[in-house]
K.L.:
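Could you have a look at this structure, given as structure tokens, before my questions?
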Amino acid sequence: MSCKEVLESISSYLDEELKEEIAVEMHKHIGKCSDCRAEFDTLTMTIKLYKHSETPQMPAGCHDRLIKTLEIETMRAKQGGGEPDPNPTGV
Amino acid sequence: VAQDLKALPDEALVLRAQADDERAFGELVGRYETKVYSLAMKMLRNPEDAEDVLQETFLRAYRGLKSFRGNSTFSTWIYRITANSALMKLRKKQLPTVSIEDADEREAPINIADWSPGPVEQLLTLETQQAMSDAIEALPAEFRQVFVLRDLEGHSNADVAEILDLSVAAVKSRLHRARLKVRNHLTRFFNDTRGQKAMGARS
């Protein structure tokens with residue numbers, strides 16, 4: 001396995017999506033090649049750091065403002081002013 | 001009665017909401033508002049923009065509820081609306097020079113300094129968190145969507161593909177490139193800060 005192939009497969013390796021024999025090859029390569037090991041270790045740590053980052057909390061008042069907006073929309077819809085959206089996901 | 005709604009699965013609430021039961025829609029809002037806000041905030045890195053997307057997402061969901069046929073789950077549908085609303089907002093703000101083709105990937109490893117040894121808690125300083133935030137901001141919008149959904153929100157590749165209406169292969173490709181870009185950003189950050197500390201120690 002070449003360094004180029006290792007680089008291309010690091011993400012799949014981390015996501016445990018490689019076939020076992022390829023994963024074994026990769027593991028062997030990383031054991032011998034310090035450049036690829038640094039690539040692998042820093043990418044692993046990058047993902048770990050983001051997984052550890054905190055979930056943003058909704059600021060105070062955010063929930064109430066959302067409910068208010070939806071109440072106004074409900075009233076508009078009841079008065080016949082709301083437009084139904086046939087494609088809300090925009091895809 | 002409110003207690004009854006809490007016990008119902010999403011699909012049942014959607015059916016009720018489609019039959020103009022406002023409380024059922026309110027229960028769905030309660031179940032998903034923090035998740036929608038979190039996804040928007042992680043993509044946009046700005047509380048006002050995230051709140052805009054939160055409001056827009058539920059307004060669009062409310063207006064489009066009758067066209068929701070249950071081809072996907074409600075959660076996939078609401079994340080799709082969120083991700084697309086956030087993408088539209090990002091495209092308006094992002095400089096046109098930031099393009100999906102503007103990749104700084106390499107074909108062969110170079111001798112990068114391995115900044116990874118040590119516990120996560122030790123690396124995760126306030127400065128590192130700022131650098132992590134900057135790294136996401138430097139990602140083109142389409143990469144950012146995939147990276148945030150996969151590595152920050154923890155959805156599977158298949159879920160991300162469904163949310164973004166992409167093939168799983170496209171998700172994997174964007175994810176890999178996004179991870180490399182973010183990692184390269186952090187490598188530059190750690191090299192700079194450690195270089196400065198080493199200089200300070202010497203003088």
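Per chain, numbering begins at 1; letters A, B, ... match sequence-line order. If you're wondering where the values come from, they're calculated on a predicted model, not measured in any experiment.
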K.L.:
Rounded to the nearest 0.5 Å, what's the gap from CG on A:L43 to CG on B:N184? Could you check?
P.N.:
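Here the rounded value is 9.0 Å.
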K.L.:
Kindly determine whether A:K48 and B:D151 satisfy salt bridge (charged side-chain N to carboxylate O under 4.0 Å, His left out), including the steps that lead there.
P.N.:
CA-CA 9 Å; A:K48 238 188 232 175; B:D151 283 340; over 6 Å; no
K.L.:
Is it the backbone or the side chain of B:L186 that comes under 4.5 Å from a heavy atom of chain A, or both, or neither?
P.N.:
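B:L186 touches chain A through side-chain heavy atoms alone.
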K.L.:
Does A:E16, at its CD atom, have more than 12 non-hydrogen atoms belonging to other residues, nucleotides or ligands within less than 6.0 Å?
P.N.:
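Open: at most 12 neighbouring heavy atoms sit under 6.0 Å from CD of A:E16.
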K.L.:
If I take atom NE2 from residue B:H176 and atom CG from residue A:L14, how far apart are they, to the nearest 0.5 angstrom?
P.N.:
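Those atoms lie 9.5 Å apart.
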K.L.:
Checking heavy atoms, do the side chain of B:E153, its backbone, both or neither come under 4.5 Å from chain A?
P.N.:
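Neither; nothing under 4.5 Å.
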K.L.:
Is chain A contacted by the side chain of B:F58, its backbone, both, or neither, given a heavy-atom distance below 4.5 Å?
P.N.:
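Both backbone and side chain.
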K.L.:
Show, in sequence, the C-alpha distance, side-chain angles and deciding distance for B:L54 and A:M58, and conclude whether the side chain to side chain contact (heavy atoms under 4.5 Å, CB included) test is met.
P.N.:
CA-CA 10 Å; B:L54 173 75; A:M58 281 190 2; 4.2 Å; yes
K.L.:
With salt bridge (charged side-chain N to carboxylate O under 4.0 Å, His left out) as the criterion, how do B:R150 and A:D15 come out once you've worked through the C-alpha distance, each side chain's angles and the decisive distance to 0.1 Å?
P.N.:
CA-CA 11 Å; B:R150 183 74 181 83; A:D15 291 340; 3.3 Å; yes
K.L.:
Does any N or O in the side chain of B:R183 come within less than 3.5 Å of the main-chain N or O of A:T44, such that one atom is a donor and the other an acceptor?
P.N.:
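Side chain of B:R183 to backbone of A:T44, a donor-acceptor pair under 3.5 Å: no, none is there.
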K.L.:
Relative to chain B, which segment of A:E71 carries a heavy atom at a distance below 4.5 Å: side chain, backbone, both, or neither?
P.N.:
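Neither part.
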K.L.:
In Å and rounded to the nearest 0.5 Å, what is the CZ to CZ distance from A:R76 to B:R63?
P.N.:
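If we round to the nearest 0.5 Å, A:R76:CZ and B:R63:CZ are 5.5 Å apart.
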K.L.:
If you count heavy-atom pairs under 4.5 Å between each of B:L65, B:T128, B:I136 and chain A, which one has the most?
P.N.:
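Heavy-atom pair counts peak at B:I136.
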K.L.:
Got a second to check how far A:T55's OG1 is from B:Y37's OH, nearest 0.5 Å?
P.N.:
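That separation rounds to 12.0 Å.
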K.L.:
Can you tell me how far apart OG (A:S11) and NZ (B:K172) are? Round to the nearest 0.5 Å.
P.N.:
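Spacing of OG (A:S11) from NZ (B:K172) equals 10.5 Å.
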K.L.:
Which answer fits B:V29, side chain, backbone, both or neither, if we ask what part of it has an atom under 4.5 Å from a heavy atom of chain A?
P.N.:
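For B:V29, the side chain is the part near chain A, not the backbone.
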K.L.:
Nearest heavy-atom pair of A:I47 and B:R179: which atoms, and what distance?
P.N.:
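Heavy-atom minimum between the residues: CD1-NE, 3.3 Å.
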K.L.:
Is it the backbone or the side chain of B:F25 that comes under 4.5 Å from a heavy atom of chain A, or both, or neither?
P.N.:
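When you check distances to chain A, only side chain atoms of B:F25 fall under 4.5 Å.
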K.L.:
Is it the backbone or the side chain of B:S67 that comes under 4.5 Å from a heavy atom of chain A, or both, or neither?
P.N.:
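Looking at B:S67, just its side chain touches chain A.
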K.L.:
Would you give me the side-chain donor-acceptor pairs under 3.5 Å for residues 59-66 of chain A, sequence neighbours excluded?
P.N.:
unit_1	atom_1	unit_2	atom_2	d
A:H63	ND1	B:E33	OE1	2.8
A:H63	ND1	B:E33	OE2	2.8
A:R65	NE	B:E51	OE2	2.5
A:R65	NH2	B:E51	OE1	3.0
A:R65	NH2	B:E51	OE2	3.3

K.L.:
Yes or no on side chain to side chain contact (heavy atoms under 4.5 Å, CB included) for A:D41 and B:W115, after CA distance, side-chain angles and deciding distance?
P.N.:
CA-CA 9 Å; A:D41 288 345; B:W115 47 263; over 6 Å; no
K.L.:
Considering all heavy atoms of both residues, which atom of A:M45 and which atom of B:G118 are nearest to each other, and what is their separation?
P.N.:
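Looking at all heavy atoms of both residues, the shortest contact is CE-O, 3.4 Å.
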K.L.:
Rounded to the nearest 0.5 Å, what separates atom CD in A:E17 from atom CG in B:N157?
P.N.:
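A:E17 CD to B:N157 CG: 5.0 Å, rounded to 0.5 Å.
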K.L.:
Let me see the working for B:M132 and A:S53 under side chain to side chain contact (heavy atoms under 4.5 Å, CB included), right down to the final yes or no.
P.N.:
CA-CA 9 Å; B:M132 287 161 66; A:S53 54; 4.2 Å; yes
K.L.:
For residues B:M41 and A:Q57, determine if any side-chain heavy atom of one lies less than 4.5 Å from a side-chain heavy atom of the other.
P.N.:
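Result no, sub-4.5 Å side-chain heavy-atom pair not found.
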K.L.:
Side-chain contact test, heavy atoms from C-beta onward, threshold under 4.5 Å: evaluate it for A:K51 versus B:L152 and give yes or no.
P.N.:
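Side-chain contact under 4.5 Å: no.
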